There are 2 protein chains.
Amino acid sequence: MSRSNPRVLSTLERAGGFASAQEVYRLMQREGESIGLTTVYRALQSLVNDKIVDVLRRDDGEAIYRLCGEAHHHHLVCKGCGDTVEIEGGAIEKWAKMMAEEHGFRDVGHTAEIFGLCGKC
Amino acid sequence: MSRSNPRVLSTLERAGGFASAQEVYRLMQREGESIGLTTVYRALQSLVNDKIVDVLRRDDGEAIYRLCGEAHHHHLVCKGCGDTVEIEGGAIEKWAKMMAEEHGFRDVGHTAEIFGLCGKC
DNA sequence: GTGGTAATGAAAATCATTTTCATTTGTGCT
DNA sequence: AGCACAAATGAAAATGATTTTCATTACCAC
Ligand SMILES: [Mn+2]
Ligand SMILES: [Mn+2]
Ligand SMILES: [Zn+2]
Ligand SMILES: [Zn+2]
């Protein structure tokens, strides 16, 4: 049951950060790779099963995937122009770990985003 | 633009805990209330806008809604059974404010969720 | 009552994801 | 090579939540 297609994995790597199945698919098409959307979905599911890839959900519900190894970071997004700054979240990591411990949760992950108006807007 | 239909709100109350738009709709139908699915969606969106209701996502991507208290808080959600603990986020508030200042952002808000497996799962 | 605006809901459209199923590919064996 | 059998692939159809359209209805103000 090892459907962890290496071309899909390498494309997700190349994408850097999060990408949805549809985005991975479009990226491969644009680069001339021949692959079916179904295979992309199956490969990503498999990679998640094997814990090589993380999955979470965008606000619109679309599933997004990311290599587990990549540096974990958060975003500061401008509601006006969409500019995004990648920020470090040491305080969040500690908070998440503490809260999980306190309530007996394990295998925890987290999401955290800040949004507002940037200097130009 | 206040489409926060009170019958939808009261149904969500009666449901207790989280319920999806589809579930709220089916519940109202079962109890003989005449309402359209579209109106349920619009009412829930409106309630979320007014911060009367929290929204998050099930693992399958379906949006689920729940009445939320006045105080600003965050969630610790079990990926296994869906149990949710409302937690306090003082550390996050400070972090968000500091990051925003550092990058010249104003009028900032934030989201932060922790997810993992609870003690029972 | 008349005109204007907001709310409603049935039906169609959207869109990510899953399922089906026929075809292709790979692998071990003779 | 030739054959058998399992796994992988992908096009097309199905699914299901959510959104959009649009015609109708309820609600107000004057
Ligand atoms: Mn973090
Ligand atoms: Mn907070
Ligand atoms: Zn900006
Ligand atoms: Zn649990």
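Keep in mind that this is a model prediction, so the values were computed, not measured. Just so it is clear: chains get the letters A, B, ... in the order the sequence lines come, proteins before strands, and each one is counted from 1.
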(Q) If you define the side chain from C-beta out and look only at heavy atoms, does anything of A/Ile35 sit under 4.5 Å from A/Asn5? (A) yes
Q: Choose from C/dA7, D/dT9, D/dT18 the nucleotide whose nearest atom is closest to any side-chain atom of A/Arg3.
A: D/dT9
Q.
How about CG on B/Asp60, more than 12 heavy atoms from neighbouring residues, nucleotides or ligands closer than 6.0 Å, or not?
A. yes
Q) Can you check the B/Glu23 CD to D/dG16 C1' distance for me, whole Å? A) 14 Å
Q.
Using whole Å, what does the distance between atom C1' of nucleotide C/dA16 and atom CD of A/Glu62 come to?
A. 7 Å
Q. Between B/Leu37 and A/Thr39, which is nearer to the 5' end of DNA chain D once each is assigned its nearest nucleotide?
A. A/Thr39
Q: Return the nearest nucleotide to the side chain of B/Arg42; candidates are D/dT18, C/dT17, C/dT8.
A: C/dT8
Q: State whether B/Arg66 and B/Glu86 are salt-bridged, where the test is any N-O pair (Lys NZ or Arg NE/NH1/NH2 against Asp/Glu carboxylate O) under 4.0 Å.
A: yes
Q. Looking across every strand, which nucleic acid part, if any, lies under 4.0 Å from A/Gln22 by heavy atom: base, sugar-phosphate, or nothing?
A. base
Q: Starting from C1' on D/dA8, measure out to CG on A/Leu47 and report it in whole angstrom.
A: 15 Å
Q: Mind calculating the distance between CD (A/Gln29) and P (D/dA11) to the nearest angstrom?
A: 9 Å
**Q.** Check: A/Ile114 and B/Phe105 side chains under 4.5 Å, non-hydrogen atoms
**A.** no
(Q) Side chains of B/Leu12 and B/Tyr65, heavy atoms from C-beta outward: is any pair under 4.5 Å? (A) yes
Q) B/Thr38 has a side chain; which of D/dT9, C/dT8, C/dA11 sits nearest to it? A) C/dA11
Q: Let me know the distance between OH of A/Tyr25 and C1' of D/dT9, rounded to the nearest Å.
A: 12 Å
Q: Measure from CG on B/Asp59 to C1' on D/dA17 and round the result to the nearest Å.
A: 16 Å
(Q) Rounded to whole Å, please give me the gap between OH in B/Tyr41 and P in D/dT20. (A) 13 Å
Q.
Using a heavy-atom cut-off of 4.0 Å across all strands, would you classify B/Asp60 as base, sugar-phosphate, or nothing?
A. nothing
Q: Give the rounded distance in Å between these two atoms: CZ of A/Arg57 and P of D/dA17.
A: 13 Å
Q) Is there a side-chain polar atom (N or O) of B/Gln45 under 4.0 Å from OP1 or OP2 of D/dT18? A) no
